[in-house]
Amino acid sequence: MRQRYYIEDIGEHVDSEVTLEGWLTGKRSSGKILFLQFRDGTGFIQCVASKSDIGEEAFEAAAGLTVESSLKVTGTVKADSRAPGGYELSVMGLQIVHVADEYPIGRKEHGDAFLLDHRHLWIRSSRQFAILRIRATVISAARDYFDSRGYTMLDTPILTPAACEGTTTLFSTDYFGESAYLTQSGQLYNEATAMAFGKVYCFGPSLRAEKSKTRRHLTEFWQIEPEIAFADLSDIMDVQEELVSEIVGRVLKDRARELEMLERDTEVLKRVQPPFPRVTYSEMVKLLGKNGVEFEWGNDFGAEHETVISQTFDRPFMVTHFPKSVKPFYMELDPEDERLTLSVDMLAPEGYGEIVGGGQRVTDLAVLERSVDEGALPRADYEWYIDLRRFGSVPHGGFGLGLERVVAWVCGIHHLRETIPFPRMLKRLRP
RNA sequence: UCCUCGGUAGCUCAAUGGUAGAGCAUCCGGCUGUUAACCGGAGGGUUGCAGGUUCAAGUCCUGCCCGAGGAGCCA
């Protein structure tokens, strides 16, 4: 394959001639000198063209280019402190590939609805570029964490016959005359693969037809879910904090430029080191009381509570031992207090709230059967899952890490809709 | 589903019930170091839809549609 040059590696080619292939993000001219803002998908660079270097004809053609026109630019790489990023390209020649129509997204501000309607173009802008590159790094770091520790990655199905939980609203679809649902989580299937492979994880979309309309919700979001045989609650918490620390460390190391583009305070991220604070649900209820927030034991934390609590800590923290009433049927009960479960949620600081949820699963056949019945779940659809307790049942557990929430927190951005290439939300299916 | 706010030029917004404007974008002209460049000029409107009040409605009233924020809900 021929030699290609990318902006990301431009520092390796100072004073040599390269050709870059990409798009024009903007331009400024001063009569006989032209500044072309250029991107190639790996970064952004300014190209400087003067009439004396490239000739009148090429100069006029370049001056007439519209925003988002595609072109190949040949020139010499210069280190220049005046340029953002430290380098610029001194243009010797350029080849126009396509002259774009008038581009709808300008450099001035736009409303949320307008930008979401133009998401297919919006992802070209520098802020979205930074966020989505960080997303890719978060995924890569998480997968590397598991792959390098002997986990087997096993995909779980997206089309399922039953809900993971009876109460939640599901997207349903026709499956050759039978109704099927889009998965909310790979967890139940993970438990089956964990009994076959020991340590497993899955990475895929979770779909929920909830009519949630907040910055913390998408109807289609991605989860990374490990499941470990012979693991107890303490093991699960160790994995959670190690995983999250590794993810944040990788982003700090490999995506410093992107974090800078987002003006993210990296001091906060550098504090993300084990051990994370661990508190029980009951301690948390007391803590809320001390902060003057009324809260009745047995309820689940709402947005307000999570915000108050998460401002108490300077790094992610874990809340354990939630009451049975607020957790799903498969959670193992606390042997010391049967009102409680061996569950753990991790909450991100700075008001970001829950980013991980998990815990130990029910081991005993009779306990699980009772839970399924109490939840009024269709027994037939869960028979395979119950089977896992008939054939070599062992203590096991795992968790789900909500990718978009982690990306939002790491990037320090307000709304989940910017953390996924094409967000799916209530009333937004297009583009 | 509930509460709040909004819908005016391509975009972001302004306009005491009395001639619909500005900035950006676009087009034309100027400028050899611009950083959301700058300077001068031009074009650009079914004020979300339907009805009502009024001499007169972008503005007031009623209904509907659409969007945003929040709540509820939510591994």
Side-chain angles (χ1 to χ4, degrees), chain A residues 25-37 44-53 59 63-64 66-68 78 80-85 88 90 100-118 121-122 125-127 163-165 167-170 183-188 190 206-219 221 223-225 227 299-307 319 322 326-331 341 343-346 353-359 361 397-402 405 414-417 425-428:
Chain A
T25 66
K27 66 173 197 287
R28 286 179 282 275
S29 86
S30 295
K32 297 183 184 64
I33 188 165
L34 193 58
F35 301 95
L36 301 169
Q37 317 306 130
F44 297 79
I45 195 170
Q46 174 164 269
C47 306
V48 186
S50 70
K51 200 176 272 188
S52 54
D53 284 343
F59 189 87
T66 49
V67 170
E68 285 303 320
K78 303 282 187 194
D80 193 321
S81 57
R82 288 172 296 186
E88 62 180 29
S90 186
D101 288 353
E102 185 183 334
Y103 195 60
I105 300 178
R107 281 192 292 280
K108 286 265 181 170
E109 56 186 329
H110 293 285
D112 301 320
F114 178 82
L115 289 170
L116 285 167
D117 286 341
H118 294 83
L121 302 176
W122 188 22
S125 63
S126 60
R127 177 182 156 88
C164 281
E165 325 198 347
T167 52
T168 326
T169 316
L170 293 162
T183 186
Q184 297 177 294
S185 158
Q187 195 224 297
L188 301 187
N190 264 350
S206 291
L207 301 121
R208 288 195 210 146
E210 287 153 11
K211 297 201 169 175
S212 299
K213 196 171 145 55
T214 83
R215 66 193 183 91
R216 290 175 180 171
H217 289 89
L218 297 170
T219 54
F221 65 101
Q223 290 198 94
I224 294 165
E225 298 171 275
E227 193 71 28
N299 289 338
D300 203 358
F301 299 126
E304 183 206 356
H305 310 116
E306 285 194 359
T307 303
V319 184
F322 284 83
V326 301
K327 286 292 171 188
F329 74 95
Y330 49 71
M331 282 296 179
T341 56
S343 51
V344 51
D345 283 1
M346 184 187 292
E354 187 182 346
I355 53 172
V356 174
R361 324 302 188 187
F399 59 87
L401 176 141
R405 287 186 178 180
H414 180 71
H415 202 298
L416 246 45
R417 65 186 159 212
M425 298 179 291
L426 184 62
K427 309 249 179 133
R428 194 164 287 280

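A note on names: the letters A, B, ... follow the listed sequences, proteins ahead of strands, and every chain is numbered from 1. Nothing here was measured: the structure is a model prediction, and the numbers come from that model.
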Engineer: Using the P atom in both, what is the distance from B:U19 to B:U59, to the nearest Å?
Structural biologist: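 It works out to 14 Å between them.
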Engineer: Rounding to an integer number of angstrom, what distance separates B:U8 and B:G52 when you compare their P atoms?
Structural biologist: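 Here B:U8 and B:G52 have their P atoms 24 Å from each other.
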Engineer: Find the distance A:Glu210:CD to B:G72:P and express it as a whole number of Å.
Structural biologist: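 Distance, rounded to whole Å: 13 Å.
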Engineer: Measure from the side chain of A:Glu102, starting at C-beta and using heavy atoms only, and say which of B:A25, B:U1, B:C31 lies closest.
Structural biologist: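 Given the options B:A25, B:U1, B:C31, the side chain of A:Glu102 is closest to B:A25.
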Engineer: With no hydrogens and no angle check, is any side-chain donor or acceptor of A:Glu306 less than 3.5 Å from a backbone partner on A:Glu354?
Structural biologist: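 At least one qualifying donor-acceptor pair exists.
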Engineer: Between B:C74 atom C1' and A:Phe221 atom CZ, what is the distance in whole Å?
Structural biologist: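 Result: 9 Å.
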Engineer: Of all the nucleotides listed (B:C31, B:G33, B:C11), which has the minimum atom distance to the side chain of A:Phe114?
Structural biologist: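 For A:Phe114, the side-chain atoms sit closest to B:C11.
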Engineer: Under 4.0 angstrom, heavy atoms only, what part of the nucleic acid is A:Gly26 near: base, sugar-phosphate, or nothing?
Structural biologist: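 No contact.
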Engineer: Give A:Glu88 one of three labels, base, sugar-phosphate or nothing, depending on what nucleic acid heavy atoms sit under 4.0 Å from its own.
Structural biologist: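 Base, at least one base heavy atom under 4.0 Å.
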Engineer: Hey, what's the ring geometry for A:Phe114 with A:His110, parallel, tilted or perpendicular (30° and 60° as the breaks)?
Structural biologist: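 Parallel, since the angle between the ring planes stays under 30°.
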Engineer: Select base, sugar-phosphate, or nothing to describe what A:Thr66 touches, counting heavy atoms under 4.0 Å on all strands.
Structural biologist: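 No contact.
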Engineer: Hey, could you give me the CD/CG distance between A:Glu225 and A:Leu188, rounded to the nearest 0.5 Å?
Structural biologist: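 With rounding to 0.5 Å, CD (A:Glu225) is 9.5 Å from CG (A:Leu188).
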Engineer: For B:C61 and B:G67, measure between their P atoms and round to the nearest Å.
Structural biologist: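 It works out to 24 Å between them.
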Engineer: Between A:Thr66 (side chain only) and A:Glu102 (backbone N and O only), is there a donor and an acceptor less than 3.5 Å apart?
Structural biologist: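 Checking the backbone N and O of A:Glu102 against the side chain of A:Thr66, no donor-acceptor pair under 3.5 Å is found.
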Engineer: With rounding to the closest Å, how many angstrom separate the P atoms on B:G58 and B:U46?
Structural biologist: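 B:G58 and B:U46 have their P atoms separated by 13 Å.
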Engineer: Whole-Å distance between B:G33 P and A:Ile33 CD1?
Structural biologist: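 In whole Å, B:G33 P and A:Ile33 CD1 are 7 Å from each other.
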Engineer: Nearest-Å distance, CD (A:Gln184) to P (B:C73)?
Structural biologist: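 Going from CD in A:Gln184 over to P in B:C73 covers 16 Å.
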Engineer: Working to the nearest 0.5 angstrom, can you tell me the gap between A:Asp80 CG and A:Gln46 CD?
Structural biologist: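 Here the rounded value is 8.5 Å.
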Engineer: By nearest nucleotide on RNA chain B, pick out whichever of A:Val67 and A:Glu225 is the more 5' one.
Structural biologist: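 Its nearest nucleotide lies further toward 5', so the answer is A:Val67.
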Engineer: In whole angstrom, give the distance that lies between atom CZ of A:Phe59 and atom C1' of B:C31.
Structural biologist: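 Between C1' of B:C31 and CZ of A:Phe59: 11 Å.
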Engineer: On a whole-Å scale, what distance lies between the C1' atoms belonging to B:C73 and B:C2?
Structural biologist: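 About 12 Å, rounded to a whole number of Å.
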Engineer: If you round to the nearest 0.5 Å, how far is CZ of A:Arg216 from CG of A:Leu416?
Structural biologist: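 Rounded to the nearest 0.5 Å, the CG-CZ separation comes to 10.0 Å.
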Engineer: As an exercise, state the distance from NE2 of A:His118 to OG of A:Ser125, rounded to the nearest 0.5 Å.
Structural biologist: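 Going from the NE2 atom of A:His118 to the OG atom of A:Ser125 covers 13.0 Å.
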Engineer: Let me know, please, whether A:Pro104 or A:Ser29 comes out on the 5' side of the other along RNA chain B by nearest nucleotide.
Structural biologist: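 It is A:Pro104, whose closest nucleotide lies nearer the 5' terminus.
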Engineer: Nearest whole angstrom, please: distance from the C1' of B:C11 to the CH2 of A:Trp122.
Structural biologist: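 Interatomic distance, CH2 of A:Trp122 to C1' of B:C11: 14 Å.
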Engineer: Closer than 3.5 angstrom, by distance alone: can the side chain of A:Lys211 be matched with the main-chain N or O of A:Leu426 as a donor-acceptor pair?
Structural biologist: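 Pair absent, no side-chain N/O of A:Lys211 close to backbone of A:Leu426.
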Engineer: Taking the same atom, C1', in B:A68 and in B:G48, what whole-Å distance lies between them?
Structural biologist: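 One C1' to the other, the span is 15 Å.
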Engineer: Is any side-chain N of the basic residue among A:Asp117 and A:Arg428 closer than 4.0 Å to the acidic one's carboxylate O?
Structural biologist: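 Judged by the 4.0 Å cut-off on N to carboxylate O distance, A:Asp117 and A:Arg428 do form a salt bridge.
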Engineer: Could you work out the separation of B:A22 and B:A9 based on their C1' atoms and round it to a whole Å?
Structural biologist: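 My reading of the C1' atoms in B:A22 and B:A9 gives 11 Å.
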Engineer: Rounded to whole Å, how long is the line connecting atom NZ of A:Lys27 with atom C1' of B:G33?
Structural biologist: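 So the NZ-C1' distance, A:Lys27 to B:G33, works out to 17 Å.
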Engineer: Do the non-hydrogen side-chain atoms of A:Arg208 and A:Thr219 ever get within less than 4.5 Å of each other?
Structural biologist: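 Contact flag for A:Arg208/A:Thr219 side chains = no.
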Engineer: Determine the Euclidean distance between corresponding C1' atoms of B:A42 and B:G33; express it in Å to zero decimal places.
Structural biologist: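 Approximately 29 Å lies between the C1' atom of B:G33 and that of B:A42.
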Engineer: Give each protein N/O atom lying under 3.5 Å from an N/O atom of nucleotides 66-70 of chain B, with the pair distance.
Structural biologist:
unit_1	atom_1	unit_2	atom_2	d
B:G69	OP1	A:Arg417	NH1	2.9
B:G69	OP1	A:Arg417	NH2	3.2

Engineer: When rounded to the nearest 0.5 angstrom, what distance separates CG in A:Leu34 from NZ in A:Lys51?
Structural biologist: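 Spacing of CG (A:Leu34) from NZ (A:Lys51) equals 10.0 Å.
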Engineer: Any base atoms under 4.0 Å from A:Gln223, or only sugar-phosphate, or nothing? Heavy atoms, all strands.
Structural biologist: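 If one applies the 4.0 Å heavy-atom cut-off, A:Gln223 turns out to touch a base.
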Engineer: Which part of the nucleic acid, if any, lies within reach of A:His110 when heavy atoms closer than 4.0 Å are counted: base, sugar-phosphate only, or nothing?
Structural biologist: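 Result for A:His110 = sugar-phosphate.
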Engineer: To the nearest angstrom, how far is A:Asp101 atom CG from B:A25 atom P?
Structural biologist: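 Atom-to-atom, A:Asp101 to B:A25, this comes out as 18 Å.
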Engineer: If you look at every strand shown and take non-hydrogen atoms under 4.0 Å, does A:Ser50 touch a base, only sugar-phosphate, or nothing?
Structural biologist: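 Result for A:Ser50 = nothing.
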Engineer: Between B:C11, B:G72, B:G33, which nucleotide has the shortest distance from any of its atoms to the side chain of A:Asp80?
Structural biologist: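 Output: B:G33.
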Engineer: Can you give the dot-bracket line for RNA chain B, where a pair is Watson-Crick or G-U wobble with both atom distances under 3.5 Å, crossing pairs use [ ], and | marks a partner on another strand?
Structural biologist: (((((((..((((....[..)))).(((((.......))))).....(((((..]....))))))))))))....
